[in-house]
Every structure is written in C-alpha cells, then in structure tokens.
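Position 1 is the first residue of the sequence, and the numbers go up from there.
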Amino acid sequence: MPVGPGNMTWLVTPGVASARFRTAFGSGAHVVLLDLEDSVPAEAKADARDAVLGFAGAHAGRAGGQLLGVRINAVHSAEGLRDIVAMADLSLWPDLVVVPKVESGRDIAAVVRAVRRAGSATKVWALIESPQGVLALPGIMRTQGLAGVLFGAADYAAAAGCRLTSRAMWYPRSQLVTAAAGAGLPAVDSPYFFLDDPDGLRRDALEAVELGFTGKVAVHPRQLNTIAQAFTPSPHEVAEARAVLAAAERADGAITTAGGAMVGPPLIEAARTVTRRARPSHNVTTSLTPKAS
C-alpha cells in the first residue's frame, strides 16, 4: 500500500458493536477496522467473531473505495488461534488483517501462512505496542508478507511505565517510522484517545505527519476530518512542491533553485511525496478479496 490518501484515515470499531458496523463503513474512513481484541470482553469473543466475519462476508465485492480490516487477537493466544481458524473457513477474506502485540516476525509469519493457504490477497499488518516490539523491529520488518505497521500508544505506555503524552511517545514513534521507511512500508499512528480535545487531536496528527507516518487511527468518526486535514497538504505546500518539480524538470538533472531554496534529489522526492498525498481520495479502490477456488 503506497504512501498516499488511500491509507490516511483508519476508524476502529469494537467487534461487539455490530450496530455501528454499517455506520463505520459509511464514515468515509479509508480503512474500517473491526476489532476482535482489546475492545471485546472475554465472554463476548465468540459472538463478536461471528458478527465481524459475518459482516465481512455480507460486504464482499462492494466497490466503495474503502478497505475493510479485522484486528484479530494475539496469535499466541487461544482466541487468536480461533480467529485464524474461523477465517480459514471464509470464502471471502477482509482486505487486511491487523495482528496485535507483535514482538517477533514469527507472529506475522503465522498469519501470512494462513492467508496464503486460503489463496487470499489479504494484507497482513503488524501492531507494535510494547518496548519488546520496538526493539524487535529490524527482524519484524524483514518478515515476508508484511504489508505495514501500526503503533499502539496506550499499550506501549502501560508496558513501559511511562505517561501517555506526546513527548513520551517520540522515541517509539520515531523508531517505528524509521524502521518502516527502511523497509519501504507504510506506518500508521496510534489513536488520540481524548474525544473532547479536538485541538489536541490536531496537534497529535500534525506531529504524526512531521514524524513520517502515512496515516492515523481514529476511535470515533468525528475525529476523521481533523486527521484527514492534517495529512492532506495545504494548497501552499502543493504549490511549493509543484514549483520544485517544475524547476527540476527545467534543470534536466542539474542542481537548481526554487523559491530561493536549493533543489536536489532529496527535495525532488519530497515534492513528489507531497503531490501524491494531495491526490483526491476517490483514487482509492478496493473491496473484499475473494478466496481463490
């Protein structure tokens, strides 16, 4: 999944809240992520699994420009194994599966094998949410079949014994983005959990853009517009980027200037990234992926 508008906004919805699935799917989020893990109590896991996978099957083949994902339980848990077994029986898999609590490439490899056995094109993403996961990033990023990574700030803060603040999260977020960039993979930032603080959400989203994240998770639909605005370049940024690209084209490979600044290969690539991010979101196309017969 390339850097661009197609993975800027993610909306996570609890698997026990089946009445919200349709609303989430119509929210305009680029990725709708139905959760079977932390938001689902132990006694409700089976019912949530049935509801989530049933919704996925009912929405197979719909062309609406959105990706439908499922966050399963940790693969080293009994519920995680049940999730994988249940998906193995599906004729249609979700567009992506998010694997939580990843601390080793083995966690991803197990799900990738299940996807391939099913003949599905489902993408497998890793959720990094512990100090052990951050330290293991080099090995995780080398795992065949990994499509992208997400950061889980709340679990990380709990495991590290630190506060859930911007400054406390700078190091793990930077490590995640650096490792993802080195592997050529997208990285999506953790949700901002304070629903009544839109200014804080905007600051947090803009910081994610500065760090190099390609998107951010929302925990409520009303957060989506703020996230999308933060990740969408302003008209001024787009104009500057186009000026850089035009100057580079005129220079035909030579070092030149645009707007009083030197223009070389790094700035040209940065300008291309800005123009890619500025493309309208209707370029995103996908649906659920059918299992090969």
Side-chain angles (χ1 to χ4, degrees), residues 1-14 17 20-35 59 62-71 94-96 98 123 125 127 147-154 166 169 173 176-177 180-181 185-242 270-287:
M1 188 179 293
V3 175
N7 59 323
M8 290 191 307
T9 56
W10 292 52
L11 177 62
V12 61
T13 300
R20 300 185 205 166
F21 292 175
R22 197 172 299 277
T23 300
F25 208 62
S27 67
H30 296 107
V31 179
V32 174
L33 184 64
L34 305 182
D35 181 39
H59 286 74
R62 290 199 176 186
Q66 289 175 299
L67 295 164
L68 181 58
V70 174
R71 177 169 74 167
D95 293 297
L96 58 92
V98 172
K123 304 300 183 184
W125 285 62
L127 177 55
V149 290
L150 301 97
F151 178 55
S166 170
M169 295 300 111
R173 290 165 92 195
L176 187 71
V177 167
L185 297 175
V188 172
D189 194 27
S190 177
Y192 187 77
F193 297 99
F194 307 101
L195 296 179
D196 296 324
D197 183 12
D199 291 337
L201 170 63
R202 177 171 174 76
R203 286 193 300 270
D204 200 57
L206 288 172
E207 186 173 85
V209 175
E210 290 181 8
L211 287 169
F213 283 98
T214 59
K216 188 171 180 65
V217 180
V219 292
H220 193 281
R222 70 173 181 252
Q223 295 182 321
L224 292 171
N225 282 339
T226 299
I227 293 172
Q229 289 170 9
F231 278 85
T232 301
S234 68
H236 178 69
E237 289 173 316
V238 174
E240 284 188 333
R242 288 174 176 164
R272 288 177 179 144
T273 298
V274 169
T275 58
R276 284 197 298 267
R277 285 173 47 214
R279 290 174 186 167
S281 60
H282 64 251
N283 286 349
V284 183
T285 56
T286 191
S287 62

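Applying the side-chain contact (heavy atoms from CB on, under 4.5 Å) test to A228 and every residue at least two apart in sequence or in another chain returns T9. Partners of S166 according to the side chain to side chain donor-acceptor pair (under 3.5 Å) rule, which considers only residues two or more places apart in sequence or in another chain, are W170, E207. Applying the side-chain contact (heavy atoms from CB on, under 4.5 Å) test to L195 and every residue at least two apart in sequence or in another chain returns V219, H220, R222, Q223. Partners of D204 by side chain to side chain donor-acceptor pair (under 3.5 Å), not counting sequence neighbours, listed by chain and number: K216. The side-chain contact (heavy atoms from CB on, under 4.5 Å) test applied to A181 returns no partner, not counting sequence neighbours. Annotation: side-chain contact (heavy atoms from CB on, under 4.5 Å) contacts of S190 (sequence neighbours excluded): F151, A153, F193. Evaluation of the ring-ring contact (aromatic ring centres under 6.0 Å, His included) rule for F231 yields no partner, not counting sequence neighbours. For D197, the side chain to side chain donor-acceptor pair (under 3.5 Å) partners two or more places apart in sequence, or in a different chain, are Y192.
Taking all atoms of both residues into account, the shortest heavy-atom contact from Q66 to G28 is NE2-N, 3.5 Å. Closest approach of A187 and A180 over heavy atoms only: CB-CB, 3.8 Å. When all heavy atoms of P94 and V70 are compared, the pair lying nearest together is CG-CG2, 3.9 Å. Taking each heavy atom of A218 and I227 in turn, the nearest pair found is CB-CD1, 3.8 Å.
Side-chain contact between W125 and V149: absent, with no pair of heavy atoms (C-beta onward) separated by less than 4.5 Å. Residues V32 and L67 form no side-chain contact, since every pair of their non-hydrogen atoms from C-beta on lies 4.5 Å or further apart. Two residues are said to be in side-chain contact when any heavy atoms from C-beta on lie closer than 4.5 Å; L201 and F194 fail this criterion. Within the 4.5 Å cutoff, the side chain of T232 has heavy atoms near those of the M8 side chain.
Between the side chain of S27 and the backbone N or O of P221, no donor-acceptor pair lies under 3.5 Å.
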Exercise. Report the C-alpha distance between L127 and R71 in whole Å, list the side-chain angles of each, state the deciding distance to 0.1 Å, and finish with yes or no for side chain to side chain contact (heavy atoms under 4.5 Å, CB included).
Key: CA-CA 9 Å; L127 177 55; R71 177 169 74 167; 3.4 Å; yes

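For the atom pair L224 CG and H30 NE2, the distance stands at 9.5 Å (nearest 0.5 Å). Taking CG of L34 as the start and CG of L11 as the end, the distance is 9.0 Å to the nearest 0.5 Å. Between the CG atom of L68 and the CG atom of L33 there is a distance of 8.5 Å, given to the nearest 0.5 Å.
Among the candidates D189, V217, V12, the single residue satisfying the side chain to side chain contact (heavy atoms under 4.5 Å, CB included) test with L150 is V217.
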